Every structure is written in structure tokens, then in C-alpha cells.
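Here's the structure we're looking at; comments come further down.
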Amino acid sequence: MAKSRRGRSGPEAVRETVDGGVAELRPDRDRPRGWTLLIDGAPQSHVDLDDPAYLEFSYQRRLGHIVDLAAPPGRPLHVLHLGGGALTMARYVAATRPRSTQQVVEIDAPLVQLVRRQLPLESGWRVRVRGGDARAGLAKVPDGWADLIIADVFGGARTPAHLTSTEFVAEAGRALKAGGWYAANLADGPPLRFLRGQIATVRAVFPEVCLTADPAVLRGKRFGNAVLLAADRELPVADLTRRAAGDPHAGRVEHGRALLDFTGGAAPVTDAEAVASPAPPAAVFD
């Protein structure tokens with residue numbers, strides 16, 4: 001059962017046990033209707049009910065740039081979200097691209113119930129949330145349905161192994177329209193073996209790939225998030241680079257030869273070899 005209190009200074013945190021651990025919705029003292037979702041104490045996402053286009057976390061801003069550049073401003077999209085969390089990116093798409101049709105696949109049903117109860121979606125948004133495993137949900141999506149697929153799946157702070165293979169990425173490619181984009185939020189730290197393998201894996205399926213991350217993460221100085229973007233057509237690397245550089249925590253975009261060099265000869269990962277992403281060090285949040 002959820003526990004919450006309201007004090008004289010405003011709402012208090014809401015805590016509830018979900019499949020993935022203890023979920024906490026913590027109020028943002030700087031934003032009257034802002035909330036941060038934490039799982040077992042680790043921040044996962046942030047929502048501002050008054051401004052769903054506001055993105056607090058660096059990795060979510062980088063995904064937001066991708067949403068912004070995926071089509072001319074305001075054009076509705078078909079978007080598939082693998083992993084839901086607090087539904088931050090689905091809210092962002094709905095706010096910035098009205099009349100978009102979205103599907104969200106989230107395995108943690110109690111978390112979905114908590115989020116939809118405490119942080120309800122606006123009426124009129126075309127967002128369908130389905131329970132279940134991300135890969136199984138992806139398999140149900142018709143061929144060529146999505147303009148954009150966002151994979152942001154973590155279980156126990158790790159991306160499950162079966163969502164890191166060439167077979168999984170090829171299934172995402174099947175569900176995309178011609179010219180559609182595949183974006184994945186990944187997490188790794190030194191020596192970046194997992195991230196390099198994921199770049200090679202996505203490159204085995206898509207001819208165009210770029211990577212956006214904090215420069216310190218790319219240099220192997222710390223654990224953090226990196227966002228991969230892939231497509232079967234040329235990507236707007238220059239626009240993405242400008243937007244990432246202008247973020248409060250500036251990101252760097254790698255593409256082409258520089259990205260190939262960064263990969264360092266890593267081989268694509270198949271289902272038979274796939275492993276989960278590494279667990280973050282204690283008290284490391286991006």
C-alpha cells in the first residue's frame with residue numbers, strides 16, 4: 001500500500017512496493033507539481049505535471065532532442081516506448097507533438113498503477129500503456145508501425161541481457177517505418193566494454209548511428225548514461241550536436257569515424273552471448 005503525508009509546506013513523498021523494489025515519488029521543492037521517481041533510492045525519472053515538456057535529467061533531455069528532430073515541429077508521430085518509468089518521455093511527446101499515437105510497454109504493473117494514480121496522464125493524450133516484457137511487446141507491434149522507438153529499460157538498474165542483442169535490435173528495425181529512428185538509453189562505466197559492444201550491435205543492423213553522452217562518461221572517467229540513435233537514413237548530427245552542447249550539462253556527440261574508433265573493434269552481441277549491462281557503483285546517479 002502506498003504511504004504519503006501532506007505537510008504544511010506541501011506534498012510529501014509517496015512510497016510503495018513494486019515489482020522492481022521500493023518506488024518513491026518525491027516532490028520537487030522548486031516546482032509545485034514536479035515529482036522525481038526513485039526505485040530503491042536511485043532516481044529514475046522526473047515529471048512536472050504543469051509542464052510535461054520540461055525534462056530534468058540529462059539523458060531525458062538528450063532523448064527529448066531526438067523527439068524534437070525526428071520530424072518537423074509539431075508533426076504527430078507513432079512512438080513506441082520500451083520501458084515506461086514515470087512516463088516522462090510519453091508525456092513529452094504528447095505535449096510537444098499533439099495527436100501523436102503512442103504505445104508504452106512496461107513490465108512492472110504495480111509501478112504503472114502507482115504512476116497513473118499519482119501522476120495521471122492528461123485526458124485526450126493518445127497513450128496506451130501495456131504490461132509485459134519489452135521484447136515480447138515489441139514482437140506484437142506491426143511491421144513498419146513506428147516513426148520512433150525509444151528503448152529505456154532497466155531492471156535492478158541494469159538493462160536485461162535479452163534487450164542488448166542484434167536479434168532484439170533487428171526486431172526494432174522491423175517495427176520501424178522506412179526512415180524511422182531507434183533510440184536507446186544505455187548505462188556503463190570504465191572500461192566501457194558494454195557500451196562499445198552495444199554500438200557494434202546497433203551498427204550491425206542500422207547503417208547510421210550516433211552516440212550522445214557526457215564527455216566524462218565517453219572518456220571512461222565515470223559511470224553514466226549514453227544515448228544511441230540509429231536509422232537507415234542520414235541523421236541530423238550537426239543539429240543534435242548543437243542541442244547537446246547547449247544543455248545545462250553539455251553532452252558530446254560521436255558519429256562516423258570517431259564513433260568507429262571509439263568502438264575499438266568491439267563485436268556485435270547476439271542472443272547467445274548477451275549479458276545485462278553492468279550495475280552502477282553505489283550512490284552513482286546520472
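None of these values were measured; they are calculated from a predicted model. Scope of the values below: all heavy atoms of this structure, side chains included, with no hydrogens, waters or symmetry mates.
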Please check if [X] and [Y] belong to a single hydrophobic cluster, counting links between Ile, Leu, Val, Met, Phe, Trp and Tyr side chain heavy atoms closer than 4.5 Å.
X    : Y    : answer
W35  : L114 : yes
L192 : V269 : no
L235 : V205 : no
L240 : W181 : yes
L121 : L25  : yes

(request) Please name all residues satisfying side-chain contact (heavy atoms from CB on, under 4.5 Å) with A175, sequence neighbours left out, ordered by chain then number. (result) L138, V141, I149
(message) Counting only heavy atoms not in R26 (residues, nucleotides, ligands), do more than 12 fall under 6.0 Å from its CZ?
(response) no
(request) Taking atom NE2 of H162 as the centre, report whether more than 12 heavy atoms of other residues, nucleotides or ligands fall under 6.0 Å from it. (result) yes
[X] side, atom [atom1]; [Y] side, atom [atom2] - distance, nearest 0.5 Å:
X    : Y    : atom1 : atom2 : result
T164 : Q198 : OG1   : CD    : 5.0 Å
Q60  : S45  : CD    : OG    : 5.5 Å
L119 : L87  : CG    : CG    : 8.5 Å
D108 : I39  : CG    : CD1   : 6.5 Å
L228 : L195 : CG    : CG    : 6.5 Å
D239 : I66  : CG    : CD1   : 12.5 Å

Could you tell me which non-hydrogen atom of [X] sits nearest to which non-hydrogen atom of [Y], and how far apart they are?
X    : Y    : value
W145 : T101 : CH2-O, 3.7 Å
F206 : V169 : CE1-CG1, 3.5 Å
V209 : A230 : CG2-CB, 4.0 Å
F223 : A187 : CE2-CB, 3.8 Å
L49  : P120 : CD2-O, 4.2 Å
A139 : E171 : CA-OE2, 3.3 Å

Tell me whether [X] contacts the main-chain N or O of [Y] through its side chain, where contact means a donor paired with an acceptor under 3.5 Å.
X    : Y    : answer
R15  : E24  : no
D48  : D50  : yes
T263 : L259 : yes
R158 : S277 : yes
R233 : G179 : yes
S58  : H249 : no
T201 : P268 : no
R91  : A86  : yes
R97  : A71  : yes
D147 : G180 : no

(message) Run M89 and D152 through side-chain contact (heavy atoms from CB on, under 4.5 Å) and show every step you take.
(response) CA-CA 10 Å; M89 295 314 302; D152 185 11; 5.6 Å; no
(request) Evaluate the ring planes of Y182 and F168, with Trp represented by its six-membered ring, and classify them as parallel (under 30°), tilted (30 to 60°) or perpendicular (over 60°). (result) perpendicular
Are side-chain heavy atoms of [X] and [Y] found at a separation under 4.5 Å?
X    : Y    : answer
V237 : V253 : yes
V129 : R116 : yes
L111 : D19  : no
R61  : P248 : yes

(request) Would you please test Q103 and H78 for side-chain contact (heavy atoms from CB on, under 4.5 Å) and show each step? (result) CA-CA 8 Å; Q103 296 186 48; H78 284 191; over 6 Å; no
Looking at [Y] and [X], is there a salt bridge between them, counting it only when a charged N and a carboxylate O are closer than 4.0 Å?
X    : Y    : value
D214 : R222 : yes
E208 : R203 : no
D271 : R135 : yes
R29  : E12  : yes
D68  : R243 : yes

(request) Under the side-chain contact (heavy atoms from CB on, under 4.5 Å) rule, what do L80 and L82 come out as? Steps first, then yes or no, please. (result) CA-CA 6 Å; L80 173 65; L82 301 177; 3.9 Å; yes
(message) side-chain contact (heavy atoms from CB on, under 4.5 Å), that's the test. Do V217 and N225 meet it? Break it down for me.
(response) CA-CA 8 Å; V217 173; N225 293 82; over 6 Å; no
(request) Walk me through it: do H46 and D28 pass the test side-chain hydrogen bond (donor to acceptor under 3.5 Å, both in side chains)? (result) CA-CA 9 Å; H46 179 279; D28 183 339; 2.9 Å; yes
(message) Using the rule given for side-chain hydrogen bond (donor to acceptor under 3.5 Å, both in side chains), can you reason through Q102 versus R128, listing the C-alpha separation, both sets of side-chain angles and the distance that settles it, and then say yes or no?
(response) CA-CA 6 Å; Q102 303 185 73; R128 180 187 178 195; over 6 Å; no
